[in-house]
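Every value quoted in this text rests on a predicted model; they were computed, and no experiment measured them. Numbers restart at 1 for each chain; the letters A, B, ... are given by sequence-line order, proteins then strands.
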Amino acid sequence: MAAGVAAWLPFARAAAIGWMPVANCPMPLAPADKNKRQDELIVLNVSGRRFQTWRTTLERYPDTLLGSTEKEFFFNEDTKEYFFDRDPEVFRCVLNFYRTGKLHYPRYECISAYDDELAFYGILPEIIGDCCYEEYKDRKRENAERLMDDNDSENNQESVPSLSFRQTMWRAFENPHTSTLALVFYYVTGFFIAVSVITNVVETVPCGTVPGSKELPCGERYSVAFFCLDTACVMIFTVEYLLRLFAAPSRYRFVRSVMSIIDVVAIMPYYIGLVMTNNEDVSGAFVTLRVFRVFRIFKFSRHSQGLRILGYTLKSCASELGFLLFSLTMAIIIFATVMFYAEKGSSASKFTSIPASFWYTIVTMTTLGYGDMVPKTIAGKIFGSICSLSGVLVIALPVPVIVSNFSRIYHQNQRADKRRAQKKARLARIRVAKTGSSNAYLHSKRNGLLTEALELMGTPEEEHMGKSTSLIESQHHHLLHCLEKTTNHEFIDEQMFEQNCMESSMQNYPSTRSPSLSSHPGLTTTCCSRRSKKTTHLPNSNLPATRLRSMQELSTIHIQGSEQPSLTTSRSSLNLKADDGLRPNCKTSQITTAIISIPTPPALTPEGESRPPPASPGPNTNIPSIASNVVKVSAL
Amino acid sequence: MSGCSKRCKLGFVKFAQTVFKLITGTLSKDKIEDELEMTMVCHRPEGLEQLEAQTNFTKRELQVLYRGFKNECPSGVVNEETFKQIYAQFFPHGDASMYAHYLFHAFDTTQTGSVKFEDFVTALSILLRGTVHEKLRWTFNLYDINKDGYINKEEMMDIVKAIYDMMGKYTYPVLKEDTPRQHVDVFFQKMDKNKDGIVTLDEFLESCQEDDNIMRSLQLFQNVM
């Protein structure tokens with residue numbers, strides 16, 4: 001349970017009085033506070049620096065070194081204090097974690113040293129608070145990259161799981177470094193774009209004279225050659241576009257994207273030109289269309305990262321640019337009007353109308369000053385000078401704003417992307433931990449039934465699982481049990497619920513075992529269903545089956561126990577897949593209530609099982625996550 | 001197809017807005033900084049001796065209570081949001097916010113919207129160390145949502161619904177729609193002696209004292225501290 005919230009448990013239990021008059025059934029008994037001892041201060045000596053804290057503070061997280069009996073190994077009898085030969089700076093953070101429930105990462109600390117200390121104290125780094133988590137992950141990633149750079153990866157070929165042909169093609173298009181063929185294709189298209197652009201340019205250059213006629217541009221002199229070049233380029237572009245269209249995962253989105261529009265615009269003029277033969281009326285329009293061929297240059301943006309960034313930042317600064325344009329327009333209109341009326345008097349003035357004055361105003365304000373239009377009257381000259389002075393100001397002022405906006409927006413986007421990526425992981429962690437906490441209660445309920453059944457059969461020499469849960473957890477479970485009694489309904493976990501729904505709708509629920517159970521008919525029928533559920537799911541689990549088997553054996557023992565009053569502890573009586581010792585498993589596994597205020601993923605079990613991915617929505621992965629969630633959720 | 005026209009309209013509106021923004025040159029605003037909590041209410045409770053005299057707790061118990069309280073609420077007062085969050089941590093399966101809301105208003109006797117440590121400890125003293133009569137009266141106050149001295153069926157429905165909400169969705173047997181209503185009917189049958197549709201404090205006290213289960217369960221949390 002999170003640090004401070006555990007202290008509110010008495011309040012929550014007191015508030016349960018509100019349920020009492022409403023309930024129809026009697027309430028379960030409260031767990032007795034067995035070892036009620038006074039809170040004592042303990043001294044922790046870390047490399048000479050002494051820290052003191054309450055014992056109960058450390059016991060909040062019984063799965064860590066300081067919270068469990070492991071710290072007794074470090075107890076110094078002579079000085080009556082716990083001595084740790086570790087870094088006191090990092091210990092400060094560790095102890096603060098116990099106090100506040102939040103683990104912080106100090107920025108000055110080396111990431112690998114910090115990780116080592118956390119591993120020593122048995123704390124998972126995943127529970128670092130949100131305030132420091134980003135920094136921690138960044139540093140960790142840098143460190144990992146450094147490690148990766150050090151050992152060159154021999155295996156360049158990544159074993160890609162079977163992608164369809166279409167997907168491989170799309171990947172090849174988007175990332176040319178994936179295969180040699182993609183690289184070849186990338187360079188070929190780049191070459192042809194360059195050829196096409198250069199052709200467009202060159203064909204307008206005057207190319208020497210054919211004897212007997214005026215100077216011709218190259219395009220008309222070697223028209224066949226240029227036509228062939230153009231055809232080749234357009235064929236390549238068409239093939240490329242069609243291939244991209246075929247490979248695109250979402251064709252609709254691809255067609256709407258900017259690059260595809262540029263592609264289309266680049267190759268359209270050629271085909272239109274093919275269709276329209278030398279028809280005099282439309283040849284003028286045809287010539288205009290050729291202008292669009294210049295858009296082929298934008299196809300380079302697929303090849304150039306810089307162009308893409310420029311385009312993106314322009315797009316994101318559109319409002320600032322718009323503002324600049326708007327203010328310029330305002331100024332132009334004002335000064336054009338003024339100049340027009342000022343120059344109206346003078347004869348042979350070029351300022352024939354206000355729109356004609358626009359040209360003068362623009363040229364003056366941008367300090368170009370072509371000199372094709374000059375004011376002749378004195379008033380005109382005065383206003384003309386005012387115009388040029390204000391032009392400098394109007395243009396100069398928004399530009400730094402735009403530039404700073406560029407960099408700000410650029411960095412902001414980068415940070416937003418990073419935070420978005422982390423947010424999904426964070427939400428997944430919270431979700432996983434939340435299911436963990438509810439599953440902890442269910443698991444302990446099953447264990448409670450088990451211990452009751454064992455008590456019924458009078459096997460007192462066993463160490464029951466219930467004893468290993470802390471007082472706070474047992475109190476919390478008692479509270480939840482009271483709620484169940486008040487409402488006369490039970491908590492079950494998600495797939496049991498779905499199973500029950502399915503079974504109630506299909507009405508073929510096997511209830512053969514239920515009559516044989518003597519006590520608590522309602523609760524044990526669910527226990528049955530859980531057991532049958534477990535057997536069906538066992539093949540799907542990909543964890544080492546020890547944990548699942550131990551849980552299964554628990555419920556098995558329950559059922560078998562009530563059928564055979566003389567339960568022997570010999571393993572032969574367990575005729576399910578019981579290879580491991582049941583008892584050792586019972587003793588070693590500890591269940592901690594995982595009520596959290598911070599996200600916690602399932603912890604590493606002692607056997608070092610790999611933890612399942614945090615977001616495991618599929619029903620066939622629920623059991624593994626439940627199994628590893630329930631057992632040893634560390635640092636809570 | 002109606003979605004198509006709606007989307008067209010939305011697109012047009014967005015386009016018009018973009019053009020307008022472009023013309024008038026509205027710069028994109030920075031995200032408004034979260035306003036600092038101007039009301040940094042800080043409250044210090046009365047002295048330990050006074051509280052010990054007023055409540056049924058010992059000094060040590062008050063110390064433990066206060067340490068926990070201060071940890072979650074450093075400012076010394078709990079507002080409803082924090083209260084709901086804390087309470088929700090104990091019931092991860094379902095939604096404890098409504099019950100926490102009613103609890104908060106039962107704790108907040110002066111209806112100020114915040115619970116100070118004294119109110120908290122006074123209520124806890126009644127709940128954990130009070131007489132049966134006091135506990136029942138506190139519970140009656142909890143059920144009486146509008147504090148008019150009577151519990152009617154709607155108030156009871158709200159409370160029972162809030163309790164059932166805490167169970168969440170995944171229960172056995174499956175929660176049906178009218179389960180709360182049935183529960184409330186049973187409750188009213190038991191409590192409403194003169195069948196007038198409302199339960200007064202006397203009826204409530206009388207009915208509870210007749211029921212052994214309730215009496216036993218009231219003693220359950222005696223040694224919680």
Side-chain angles (χ1 to χ4, degrees), chain A residues 1-27 29-30 33 38-39 100 318-320 322-327 401 434 437-438 475-476 479-480 482-484 486-487 489-494 496-497 500-501 504 526 595-597, chain B residues 21-28 60 64-65 67-69 71-72 86-87 89-93 99 102-103 106 120 123-124 127-128 135-136 138-139 142-143 156 159-160 163-164 166-175 179 183 186-187 191 204 208 213-214 216-218 220-221 223-225:
Chain A
M1 218 179 278
V5 183
W8 284 66
L9 187 58
F11 146 72
R13 302 184 70 211
I17 259 190
W19 310 335
M20 301 300 151
V22 180
N24 298 323
C25 338
M27 290 290 144
L29 293 171
D33 196 354
Q38 302 289 28
D39 211 356
T100 61
S319 62
E320 275 82 15
F323 172 64
L324 171 61
L325 217 58
F326 177 62
S327 60
V401 173
K434 204 160 181 228
S437 82
S438 39
Q475 285 180 343
H476 182 236
L479 185 65
L480 292 173
C482 285
L483 182 61
E484 283 184 339
T486 310
T487 54
H489 289 70
E490 262 179 46
F491 292 113
I492 53 176
D493 53 30
E494 199 171 324
M496 310 256 169
F497 178 72
N500 287 348
C501 286
S504 61
T526 39
I595 299 195
I596 43 132
S597 64
Chain B
K21 263 201 278 197
L22 214 58
I23 289 180
T24 60
T26 43
L27 299 164
S28 54
R60 243 207 145 82
V64 171
L65 275 175
R67 286 207 290 258
F69 186 86
N71 227 346
E72 283 299 302
I86 294 174
Y87 202 71
Q89 304 234 8
F90 295 106
F91 301 100
H93 306 267
Y99 191 70
Y102 298 130
L103 266 186
F120 179 68
L124 269 189
L127 288 176
L128 298 177
K135 287 185 196 176
L136 285 175
W138 195 92
T139 317
L142 170 71
Y143 293 159
M156 213 49 222
I159 296 270
V160 169
I163 294 179
Y164 272 92
M166 285 199 281
M167 289 294 294
K169 204 169 75 150
Y170 303 118
T171 58
Y172 178 81
V174 181
L175 266 179
T179 317
H183 206 129
V186 167
F187 176 82
M191 298 281 161
F204 185 72
C208 288
N213 273 341
I214 297 181
R216 217 188 356 257
S217 51
L218 282 180
L220 205 54
F221 299 110
N223 59 344
V224 153
M225 281 302 302

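B/Thr171 pairs by the side-chain contact (heavy atoms from CB on, under 4.5 Å) definition with A/His489, B/Met167, B/Leu175, not counting sequence neighbours. Shown here are the side-chain contact (heavy atoms from CB on, under 4.5 Å) partners of A/Ala16, two or more places apart in sequence or in another chain: A/Trp19, A/Met20, A/Leu479, B/Phe221.
With a 4.5 Å cut-off on side-chain heavy atoms, A/Thr487 and B/Met166 do not count as touching.
Contact of B/Phe120 with chain A is made through the side chain alone, with heavy-atom distances under 4.5 Å. B/Leu103 touches chain A through its side chain: at least one heavy atom from C-beta onward sits under 4.5 Å away, while N, CA, C and O do not. Within the 4.5 angstrom heavy-atom criterion, only side-chain atoms of B/Val186, from C-beta onward, approach chain A. Contacts between A/Cys482 and chain B at a heavy-atom distance below 4.5 Å involve the side chain alone, from C-beta outward.
Ranked by heavy-atom pairs under 4.5 Å with chain A, the list B/Phe69, B/Phe187, B/Trp138, B/Tyr143 is led by B/Tyr143. Across B/Leu218, B/Ile163, B/Leu142, B/Thr179, the residue that shares the most heavy-atom pairs under 4.5 angstrom with chain A is B/Ile163.
The minimum heavy-atom distance linking B/Thr139 with A/Pro21 is given by the pair CG2-CG, 3.7 Å. The nearest pair of heavy atoms linking B/Lys135 to A/Ile17 is CD-CD1, 3.6 Å. What you find for A/Cys25 and B/Asn213 is that their closest heavy atoms are C-ND2, 4.2 Å.
Summarising the geometry, atom CZ belonging to B/Phe90 is positioned 13.5 Å from atom CG belonging to A/Leu483; distances are rounded to the nearest 0.5 Å. Separation of atoms CE (A/Met27) and CD1 (B/Ile214) is listed at 9.0 Å; rounding is to 0.5 Å.
Using cut-offs of 30° and 60° on the angle between ring planes, the pair A/Phe11 and B/Tyr87 is perpendicular.
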